[in-house]
There are 2 protein chains.
Amino acid sequence: MSSIKGKGHCRSCAIRQMSIFAQLPEAALVEIQHFQPSIIHFSANETVYHQGEAASCAYTLRQGLVRLVKTLPNGRTQIVRLIRAGDSFGFDGFIGEPYNHSAIPLCEIEVCRLPLAELLALKRQHPEIENAMMKRWIQHLREAEDMMLELGAKKASERLASFLIRWCEPVGLNGWIELPLSRSEIGELLGLTIETVSRFISDWKRQGWIEERQGRIHLLDTKQLQALACVDD
Amino acid sequence: MSSIKGKGHCRSCAIRQMSIFAQLPEAALVEIQHFQPSIIHFSANETVYHQGEAASCAYTLRQGLVRLVKTLPNGRTQIVRLIRAGDSFGFDGFIGEPYNHSAIPLCEIEVCRLPLAELLALKRQHPEIENAMMKRWIQHLREAEDMMLELGAKKASERLASFLIRWCEPVGLNGWIELPLSRSEIGELLGLTIETVSRFISDWKRQGWIEERQGRIHLLDTKQLQALACVDD
DNA sequence: CGCATATTTGAAGCCCATCAAGCGAAGTGG
DNA sequence: CCACTTCGCTTGATGGGCTTCAAATATGCG
């Protein structure tokens with residue numbers, strides 16, 4: 001079950017630098033305390049909010065990884081975004097709409113819950129927040145456009161290769177990195193079946209282009225993958 | 001060729017009510033005149049800006065229809081958004097990035113070109129703009145999520161059916177409406193080939209579910225299409 | 001260890017892309 | 001005005017890529 005750990009302590013918050021509150025002056029942090037944002041834990045697959053629910057709160061991810069998911073009546077699902085520590089999500093309430101997707105943790109997570117009304121007030125007083133949010137939205141829109149290109153114009157192997165390359169970018173394309181997504185979750189992200197994902201990964205392992213051990217992955221031959229990926233930018 | 005028609009006259013602008021400047025007080029409109037936004041005409045397929053170009057201006061569409069397109073090195077393309085009158089686009093410069101897509105008119109268009117630096121200044125002085133822009137971004141992000149679900153989780157017929165239903169919504173699902181997209185452009189939007197699009201449309205015409213005359217379309221049996229579309233929301 | 005779950009692998013089939021040809025409407029120039 | 005071209009759309013035939021169904025193997029967890 002989810003559990004409320006306590007009130008947020010913005011001043012000492014480890015991920016504030018990565019969040020939309022990074023540029024806030026120290027003085028403003030005291031103010032936020034009045035809002036008493038809640039720090040909440042969720043375990044893996046324990047839904048933070050459901051698609052269609054009234055959107056009364058936004059969230060900032062403090063730890064872990066969250067997937068934003070949309071589901072068709074027939075059960076087919078699509079992961080529309082992956083949320084990392086420092087990212088905020090769940091702003092649909094700003095336009096009076098219910099959540100457009102469900103937010104489901106990929107692992108144990110910790111979020112900071114921000115009531116929208118209070119966030120709205122805070123935003124009005126501090127243009128830095130508005131600015132930071134705006135930049136995030138533009139960035140997210142760009143990433144969504146990139147994803148649409150992936151889904152609409154690329155083949156299975158191309159999508160998977162460019163996903164792996166993007167995923168491994170943080171470690172400079174040459175080290176080991178956690179891959180906390182199951183085959184099925186990778187499939188839901190890329191619009192593929194679990195079998196197709198598994199087949200290509202197995203194949204590329206046999207080719208010696210990638211290796212994998214206990215949930216971590218390592219790209220050995222990025223050239224080959226890059227060629228497969230149909231790189232554009 | 002594109003041609004600059006003259007300076008914008010915000011006060012008398014026919015589409016201002018639909019734009020991000022709708023809530024601006026009359027007084028502020030005079031200010032904008034100093035910025036002298038340019039009204040520019042483009043003919044169909046005459047690119048407004050190219051993916052990768054430095055993004056120095058944003059645009060508001062006054063008339064016509066624009067497609068935002070991303071292209072792979074091998075030539076495959078994906079329409080990532082359709083822009084209607086009143087919509088603004090091309091904000092990548094706000095985060096210091098080049099345009100993430102190309103903007104290409106589907107027909108003759110008229111745009112209002114806004115230098116980003118000046119728009120930024122105007123935004124700072126008038127929170128209404130910032131607010132309106134924020135709402136648009138949230139809305140666009142929601143639509144992008146919807147599109148990712150379409151592209152990743154639906155089959156050809158389902159994508160096409162729900163596209164037609166969405167397209168015809170403005171006329172209440174029971175009247176004729178312009179469809180200024182060619183088969184090939186519908187394909188680029190839905191991640192399908194021109195032949196697949198043509199086949200289904202022809203089939204549905206034969207079934208008597210839709211009819212089409214000189215670039216206009218009419219849904220006759222929305223129930224059937226709805227069933228095909230895998231409706232979710 | 002034993003069970004549940006995730007992954008792999010195989011076989012079959014379908015959906016859609018690809019290749020190819022024909023059709024119709026609009027535009028051009030003689 | 002009409003042959004000719006062009007372009008978008010249609011329709012057919014074929015093949016391949018990915019899904020689906022199924023079963024075996026690996027992995028993790030109590």
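Below, chain A is the first sequence line, B the second, and so on; all start at residue 1.
Within residues 205-212 of chain A, the residues approached by DNA chain C to less than 4.0 Å at the level of any non-hydrogen atom are A/Lys205, A/Arg206, in residue-number order.
The nearest whole Å value for the distance from the CZ atom in A/Arg159 to the P atom in D/dC18 is 8 Å. Here C/dA17 presents its P atom at 14 Å from CD of A/Glu158, a figure rounded to the nearest Å. With rounding to whole Å, B/Lys154 atom NZ is found 17 Å from D/dT19 atom P. Distance CG (B/Leu228) to P (C/dC15): 13 Å, rounded to an integer number of Å. Following rounding to the nearest Å, B/Asn74 (CG) and C/dA17 (P) show an atom-to-atom distance of 15 Å. The distance between atom CG of A/Leu190 and atom P of D/dG17, rounded to the nearest whole Å, is 18 Å. Rounded to an integer number of Å, the gap from CG of B/Asp203 to P of D/dG12 is 11 Å. Remark: P of D/dC9 and CD1 of B/Ile186 are 8 Å apart, rounded to the nearest angstrom.
Shown here are the side chain to side chain contact (heavy atoms under 4.5 Å, CB included) partners of A/Arg166, two or more places apart in sequence or in another chain: A/Glu150, A/Ser162, A/Phe163, A/Glu169.
Among the protein residues, A/Gly215 comes within range of no part of the nucleic acid, since none of its heavy atoms lies under 4.0 Å from any strand. Here A/Ser202 lies in heavy-atom contact (under 4.0 Å) with sugar-phosphate atoms only. Within the nucleic acid shown, B/Leu192 comes within 4.0 Å of sugar-phosphate atoms alone, with no base atom in reach, counting heavy atoms only. Residue contacts shown for A/Thr196 include a base, since a base heavy atom lies under 4.0 Å away. Using a 4.0 Å heavy-atom cutoff across all strands shown, B/Ser182 reaches sugar-phosphate atoms only and no base atom.
Among the nucleotides D/dT11, D/dC18, D/dA22, the one closest to any side-chain atom of A/Glu195 is D/dA22. The side chain of A/Arg199 lies closest to D/dT20, out of C/dT18, C/dT8, D/dT20. Relative to the side chain of B/Thr193, the nucleotides C/dG10, C/dA17, C/dC16 differ in distance, and C/dA17 lies closest.
In summary, A/Arg67 and A/Glu185 engage in a salt bridge, as defined by a charged side-chain N under 4.0 Å from a carboxylate O. The pair A/Glu212-A/Arg183 counts as a salt bridge, with a side-chain nitrogen and a carboxylate oxygen less than 4.0 angstrom apart.
For the pair B/Arg76 and A/Ser198, nearest-nucleotide mapping onto DNA chain C gives the more 5' position to A/Ser198. Residues B/Ser184 and A/Ser157 each lie close to DNA chain D; by heavy-atom proximity, the contact nearer the 5' end of the strand is made by B/Ser184.
In this structure, A/Trp209 and A/Ile201 have side chains that are not in contact, with every pair of non-hydrogen atoms separated by 4.5 Å or more.
Other residues, nucleotides and ligands contribute only 12 or fewer heavy atoms inside 6.0 Å of the CD atom of B/Gln63.
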Any N/O pairs under 3.5 Å between the protein and nucleotides 1-4 of chain C? List them or say none.
none

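Between the side chain of B/Ser202 and the backbone N or O of B/Ser198 there is at least one donor-acceptor pair closer than 3.5 Å.
Residue A/Arg183 has a polar side-chain atom (N or O) positioned under 4.0 Å from OP1 or OP2 of C/dT8.
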Query raised in the report: side-chain contact (heavy atoms from CB on, under 4.5 Å) between B/Leu192 and B/Phe200: does it pass, once the steps are laid out?
Result: CA-CA 11 Å; B/Leu192 302 172; B/Phe200 279 112; over 6 Å; no

Report task. Dump the intermediate steps for side-chain contact (heavy atoms from CB on, under 4.5 Å) on B/His101 and B/Asp92, then the final yes or no. Result -> CA-CA 10 Å; B/His101 52 248; B/Asp92 300 276; 4.2 Å; yes

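Side-chain atoms of B/Ser88 and B/Thr60 form a donor-acceptor pair, as typed in the model, at a separation below 3.5 Å.
With A/Gln139 as reference, A/Arg142 is the one residue of A/Lys135, A/Arg136, A/Arg142 to meet the side-chain contact (heavy atoms from CB on, under 4.5 Å) rule.
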